Amino acid sequence: MTSIFDCIIVGSGIAGMTSAIYLKRAGKRVLLLEKSAPGGQINMSPAVENYPGFLNIEGAILASNIFEQTQKLNIDYKYGNVLNIKKEEKNFTVTTDIESYETASIIIATGRKVEKLNLNYEEELIGKGISYCAICDGNFFKGKNVSIYGNDYKVLEEAIYLANICENVNIICEKDKFENNTTLLETINEYKNITIYFNSKIIELIKDNGLLSGIKIKKTPEKIINCECLFVGNNLVPDLNFLSDIKKDNGYIIVDKNMNTNIKGVFACGDVIKKDVYQLTTAIGEAAISANSVLTYLTGGEKWKRKL
């Protein structure tokens, strides 16, 4: 172990790369650690239309542009799957499956990973009728028939959002009811273009000319629902398999308004934290806050006044 950093950022999605840019511009030695490709989940988005400054940009291109910015700043970047983070007397030791590093502080920005349905054509149809974010991609299917799968009340919230822009919305739920959501269900019932299929499971994806054209659900009898997009709700989960001592809620890291975790010197931002809105813009704001908090921590708790 030869490398000592001011901050190691675990995860090079939008949040991680933004934190790195802010810290590097403040003169700190930063290391970005990533186990796959820069950009994270945004690489799966064929088009992004709600990011300020771009009318339309492919997710992978946006990620590539930000990564290029980190490289022009000479930010260190290493591949590696983090296995363990250990607090030493003064610093932290971050151990990956390739190498170990020492750092004064850490930002966790690992985001979320997709738990797929393991259906036929699922991988092939991502971005061509399969989406894991209704708020991100719903507008691409304005005026069309769509379906949304999930067993949690948040699916109802996304269905209401979709019902305001889509022709018809089908909710596929494997349970026999949604628990403790009387108000949301009352709202759902006001929409004539929303249909709920309880006790139903998606068993097959149907494609036509390389695009999703429908789904088959297991019911009595089996039913085919025509739709141009299937939004898979509740299937994004925090990508975090280390730091067992960190406080979490349903797998998400709990932070305060300054992105501090319960472990001094460890911060978190982006989709891995517990919050209400999971969007690129919120992740970037949290990344800037986490970078500022790292700078305050590195200066012994004094308020950081240098312009970022």
Side-chain angles (χ1 to χ4, degrees), residues 41 45 49-50 112 114-117 119 122 129-206 212-238 248-255 257 271-283 285-286:
Q41 290 299 316
S45 297
E49 293 185 335
N50 60 354
R112 298 186 290 180
V114 173
E115 283 192 339
K116 295 179 180 169
L117 299 177
L119 294 169
E122 184 175 1
I130 296 290
S131 171
Y132 298 93
C133 181
I135 294 176
C136 305
D137 299 331
N139 198 57
F140 295 119
F141 299 91
K142 199 170 185 179
K144 305 197 181 285
N145 297 322
V146 301
S147 295
I148 181 167
Y149 162 82
N151 302 306
D152 185 87
Y153 76 93
K154 289 189 176 180
V155 167
L156 300 179
E157 294 176 341
E158 292 189 332
I160 291 170
Y161 167 77
L162 291 170
N164 286 309
I165 58 176
C166 298
E167 182 71 19
N168 291 293
V169 179
N170 304 287
I171 302 174
I172 315 301
C173 178
E174 294 186 9
K175 297 181 179 180
D176 59 359
K177 63 180 178 179
F178 289 104
E179 300 286 348
N180 304 320
N181 285 284
T182 304
T183 302
L184 272 176
L185 284 171
E186 287 176 352
T187 303
I188 287 283
N189 290 333
E190 295 175 1
Y191 284 84
K192 303 303 181 184
N193 62 337
I194 296 179
T195 303
I196 303 179
Y197 294 90
F198 288 113
N199 298 312
S200 301
K201 183 176 182 179
I202 302 172
I203 58 175
E204 185 179 335
L205 301 176
I206 302 168
L212 181 76
S213 61
I215 58 175
K216 182 186 286 188
I217 62 173
K218 187 176 183 180
K219 207 169 170 61
T220 306
E222 291 181 353
K223 180 179 180 63
I224 292 178
I225 299 174
N226 294 322
C227 59
E228 295 184 52
C229 186
L230 170 63
F231 295 97
V232 184
N234 310 130
N235 267 47
L236 286 172
V237 296
K248 293 178 283 188
D249 181 355
N250 198 28
Y252 290 89
I253 298 175
I254 298 173
V255 295
K257 65 179 182 179
D271 287 2
V272 76
I273 68 172
K274 181 72 175 179
K275 58 180 179 175
D276 294 325
V277 181
Y278 292 88
Q279 291 288 290
L280 292 178
T281 45
T282 58
E286 294 148 8

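Numbering starts at 1 and runs along the sequence shown. Small disclaimer: the values here were computed from a predicted structure and weren't measured.
- Under the rule for a side-chain hydrogen bond (donor to acceptor under 3.5 Å, both in side chains), the partners of Asn50 that lie at least two apart in sequence or sit in another chain are Gln279.
- With sequence neighbours excluded, the residues that form a side chain to side chain contact (heavy atoms under 4.5 Å, CB included) with Lys275 are Asp271, Ile273, Tyr278, Thr282, Glu286.
- Looking at residues two or more places apart in sequence or on another chain, you find no ring-ring contact (aromatic ring centres under 6.0 Å, His included) involving Tyr161.
- Interatomic distance, Glu157 CD to Ile188 CD1, rounded to the nearest 0.5 Å: 9.5 Å.
- Residue Glu122 comes nearest to Tyr132 through the heavy atom pair OE2-OH, 2.9 Å, listed as atom of the first residue, atom of the second, then distance.
- Scanning both residues, Ile203 and Lys218, for their nearest heavy atoms gives CG2-CB, 3.6 Å.
- Contact annotation: the side chain of Ile196 approaches that of Leu185 to within less than 4.5 Å [non-hydrogen atoms, C-beta and beyond].
- Within the 4.5 Å cutoff, side-chain heavy atoms of Ile130 are placed close to those of Leu205.
- Taking the disulfide (SG to SG under 2.5 Å) definition, one finds that Cys173 meets it with nothing, sequence neighbours left out.
- With rounding to the nearest 0.5 angstrom, the CG atom of Leu117 is 6.0 Å from the CD1 atom of Ile202.
- With rounding to the nearest 0.5 angstrom, the NZ atom of Lys223 is 7.0 Å from the CD1 atom of Ile217.
- How far CZ of Phe140 is from OG of Ser131: 9.0 Å, rounded to the nearest 0.5 Å.
- For Glu228, there are no side-chain hydrogen bond (donor to acceptor under 3.5 Å, both in side chains) partners at least two apart in sequence or on another chain.
- Across all non-hydrogen atoms, the minimal contact from Leu212 to Gly214 is CD1-O, 3.4 Å.
- In this structure, Gly138 and Phe231 approach most closely via the heavy-atom pair CA-CZ, 3.8 Å.
- Contact check for Ile225 versus Ile172: side-chain heavy atoms found under the 4.5 Å cut-off.
- Here the OH-OG distance, from Tyr149 to Ser200, works out to 11.0 Å after rounding to the nearest 0.5 Å.
- Take Glu167 and apply the side chain to side chain contact (heavy atoms under 4.5 Å, CB included) test, not counting sequence neighbours, and it matches Asn145.
- In Lys248, the NZ atom is crowded: over 12 heavy atoms of neighbouring residues, nucleotides or ligands sit closer than 6.0 Å.
- One finds the CD1 atom of Ile206 at 7.5 Å from the CG atom of Asn226 (value rounded to the nearest 0.5 Å).
- Side-chain contact between Cys227 and Ile215 is present, with at least one heavy-atom pair separated by less than 4.5 Å.
- Asn193 meets the side chain to side chain contact (heavy atoms under 4.5 Å, CB included) test with Ala163, Asn168, Tyr191; sequence neighbours excluded.
- By the ring-ring contact (aromatic ring centres under 6.0 Å, His included) test, Tyr197 pairs with no residue at all, sequence neighbours left out.
- Residues forming a side chain to side chain contact (heavy atoms under 4.5 Å, CB included) with Asn139 (at least two apart in sequence, or on another chain): Glu49, Lys142.
- The list of salt bridge (Lys or Arg N to Asp or Glu O under 4.0 Å) pairs with a residue in residues 188-204, not counting sequence neighbours, reads Glu204-Lys216.
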